[in-house]
Number of protein chains: 2
Amino acid sequence: MGKRILKHAILGLLSKKDMSGYDITGEFKEEIGQFWSAKHSQIYIELKKLLSENLISQYIEISGEKLERKMYSLTSDGKNELDQWLTVPEDTIETEKDVFILKLYFINHIPKDRIEALFSNQYNIRSAKLTYLREQYQHFFGEQHPLEIASDQLGQYLVLTKAISREKSYIDWLSQSLELIRKRK
Amino acid sequence: MGKRILKHAILGLLSKKDMSGYDITGEFKEEIGQFWSAKHSQIYIELKKLLSENLISQYIEISGEKLERKMYSLTSDGKNELDQWLTVPEDTIETEKDVFILKLYFINHIPKDRIEALFSNQYNIRSAKLTYLREQYQHFFGEQHPLEIASDQLGQYLVLTKAISREKSYIDWLSQSLELIRKRK
DNA sequence: CTTACCATGTAAGCTGTTACATGATTGT
DNA sequence: ACAATCATGTAACAGCTTACATGGTAAG
């Protein structure tokens, strides 16, 4: 049996508030999407499975005239399952896959005049992401001192600062490595 | 159609030297395993596929009396496919999934007295990994100046320094975050 | 009216893990 | 003898992506 991460991610999201499959799909485009995500096709299937496992319950909301939104709530079984999952430490770390770095492992096969383009492409994507993440930070936490952050925002704070730290470190390494490669020419 | 990363990872590995499925499985336990990996069951299947696509060729080597090793070589088609793949920049970045951080997003559901254990567990795993990576660096590059690294080791150097940078950044963030959480108590 | 977004679902196919299965070789 | 490692493979299942498919709502 797999580790059912998506299952628990959905239970976690529903612990914050009732949501539809569409809402959950949207959540994975926000901060938490930096660390887990899924497509709507997978989410709708998982919701059906969770419903049949009695970990969530369903009710219908109508938007406008007749547009149905299937809303889901955590059941007490679902809450227990979530709590249980959250307390168990991860015993191993999965390979954190990165195709760009995989390609660099074979850098001696990349034409010299293409290397800079690959690096700057990656630099641009990562910089844009970092800018976006810093805007999010500014939006939610502004000049607020970390010690003053409300308990119900702590998770979001941790995820955002981790994502920012990850991108900053990535960009620093990119700059250093490109500089090294230029000097070697 | 998928992106066939494993396909290209195998072509890349075979560009360095002829290998068996077993050898390739072993490679994914070394440095490159920090950024891509696969189990032997998947590798043997992929090798058959690559063989049928004429991107690699096969010959048999005997170890000892009768233990067969099926060795694979890149064909010129395979080399072309690899070169082509290496030159194309990644247009998007996949979600870099991290279950530990996903759990932290739901930190307000984690009992206070379990949080430190989760952090220190992660700290220990990451520290062990960093120590291992630094040993690898020491082993391969020692006190050597980065500018003096041979071209055929540049890929390995980049992968190792990236992995070290990633773990260092992760550990720093863990320490800072745990400190913050302790102060909030 | 038309575009963007809201909303849900299924089908096909590829990717990846776990478990099952077998046998050879090397070192103690 | 025994264990660890070398070496290859298949089967079943779980996870995930892409494409197909449909219809409602809100704003300009």
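Residue numbers begin at 1 in each chain, while the letters A, B, ... track the order of the sequences.
Taking A:Phe100 as the reference, A:Phe119 meet the ring pair (Phe, Tyr, Trp, His ring centres under 6.0 Å) condition, with sequence neighbours excluded. Under the side-chain contact (heavy atoms from CB on, under 4.5 Å) criterion, A:Lys16 pairs with B:Tyr105, B:Phe106, sequence neighbours left out. Partners of A:Tyr44 by ring pair (Phe, Tyr, Trp, His ring centres under 6.0 Å), not counting sequence neighbours, listed by chain and number: A:His40. Considering only residues two or more places apart in sequence or on other chains, A:Trp85 meets the ring pair (Phe, Tyr, Trp, His ring centres under 6.0 Å) condition with A:His8. With sequence neighbours left out, B:Lys49 forms a side-chain contact (heavy atoms from CB on, under 4.5 Å) with B:Arg4, B:Glu46, B:Glu53.
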Would A:Ser57 and A:Thr75 count as a side-chain hydrogen bond (donor to acceptor under 3.5 Å, both in side chains) if you check the C-alpha gap in whole Å, the side-chain angles of each, and the deciding distance to 0.1 Å?
CA-CA 6 Å; A:Ser57 61; A:Thr75 63; over 6 Å; no
Please walk me through it: do A:Lys129 and A:Gln34 pass side-chain hydrogen bond (donor to acceptor under 3.5 Å, both in side chains)?
CA-CA 10 Å; A:Lys129 195 165 157 184; A:Gln34 296 297 320; 3.3 Å; yes
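Counting to the nearest Å, the P atom of D:dG24 and the CD atom of A:Glu68 are 11 Å from each other. A straight line from NZ of B:Lys70 to P of D:dC6 spans 19 Å, rounded to a whole angstrom. Computed from coordinates, the B:Ile62 CD1 to D:dC6 P distance equals 18 Å when rounded to whole Å. When the C1' atom of D:dC16 is taken as reference, atom NZ of B:Lys3 falls 10 Å away, rounded to whole Å. Rounded to whole angstrom, the span from the NZ atom of B:Lys66 across to the P atom of C:dA24 amounts to 5 Å. Rounded to a whole Å, the CE atom of B:Met71 is 13 Å from the C1' atom of D:dC6. Nucleotide C:dG13 holds its C1' atom 12 Å from the CZ atom of B:Arg4, rounded to whole Å. Going from atom CG of A:Leu67 over to atom C1' of D:dG23 covers 9 Å, rounded to whole Å.
In this structure, A:Thr87 contributes its side chain and A:Gln84 its backbone to a donor-acceptor pair below 3.5 Å. Of the possible donor and acceptor atoms, one in the side chain of B:Asp23 sits under 3.5 Å from a partner among the backbone N and O of B:Ser20. Judged by distance alone, with hydrogens and angles left aside, the side-chain atoms of B:Thr25 form a donor-acceptor pair with the main-chain N or O of B:Gly21 at under 3.5 Å.
Counting only residues at least two apart or on different chains, the side-chain hydrogen bond (donor to acceptor under 3.5 Å, both in side chains) pairs with a member in residues 117-128 of chain B are A:Glu96-B:Arg126, B:Gln122-B:Arg126, B:Arg126-B:Glu167. Screening residues 113-125 of chain B for salt bridge (Lys or Arg N to Asp or Glu O under 4.0 Å), with sequence neighbours left out, gives B:Glu116-B:Arg182, B:Glu116-B:Lys185.
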Review item, nucleotides 26-28 of chain C N/O atoms under 3.5 Å of protein N/O:
none

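Taken together through direct or relayed side-chain contacts under 4.5 Å among Ile, Leu, Val, Met, Phe, Trp and Tyr, B:Ile5 and B:Leu50 form part of one hydrophobic cluster.
Positionally, the nearest nucleotide of DNA chain D for A:Leu6 lies more toward the 5' end than for the other of A:Glu65 and A:Leu6.
Shown here is A:Lys168, whose NZ atom has no more than 12 heavy atoms of other residues, nucleotides or ligands within 6.0 Å.
In this structure, A:Lys97 reaches the C:dG16 phosphate: one of its side-chain N or O atoms is under 4.0 Å from OP1 or OP2.
Listed by residue number, B:Lys48 are the residues of residues 46-61 of chain B with a heavy-atom contact under 4.0 Å to DNA chain D. For residues 27-45 of chain B, proximity to DNA chain D is found at B:His40, B:Ser41, B:Tyr44, defined as any non-hydrogen atom under 4.0 angstrom from a strand atom. Scanning residues 10-24 of chain A for heavy-atom distances under 4.0 Å to DNA chain C yields A:Ser20, A:Gly21, A:Tyr22.
Below 30°, between 30° and 60°, or above 60°: for B:Tyr157 and B:Phe141 the angle between ring planes is above 60°, a perpendicular geometry.
In this structure, A:Lys70 is not positioned above the aromatic face of A:Tyr22 in the sense of NZ or CZ being under 6.0 Å from the six-membered ring centre and within 45° of the axis.
Side-chain proximity of A:Arg69 to the nucleotides C:dG23, C:dA7, D:dG15 is greatest for C:dA7.
Axis angle between the ends of the helix from C:dC1-D:dG28 to C:dT28-D:dA1, five pairs each and rounded to 10 degrees, works out to 30°.
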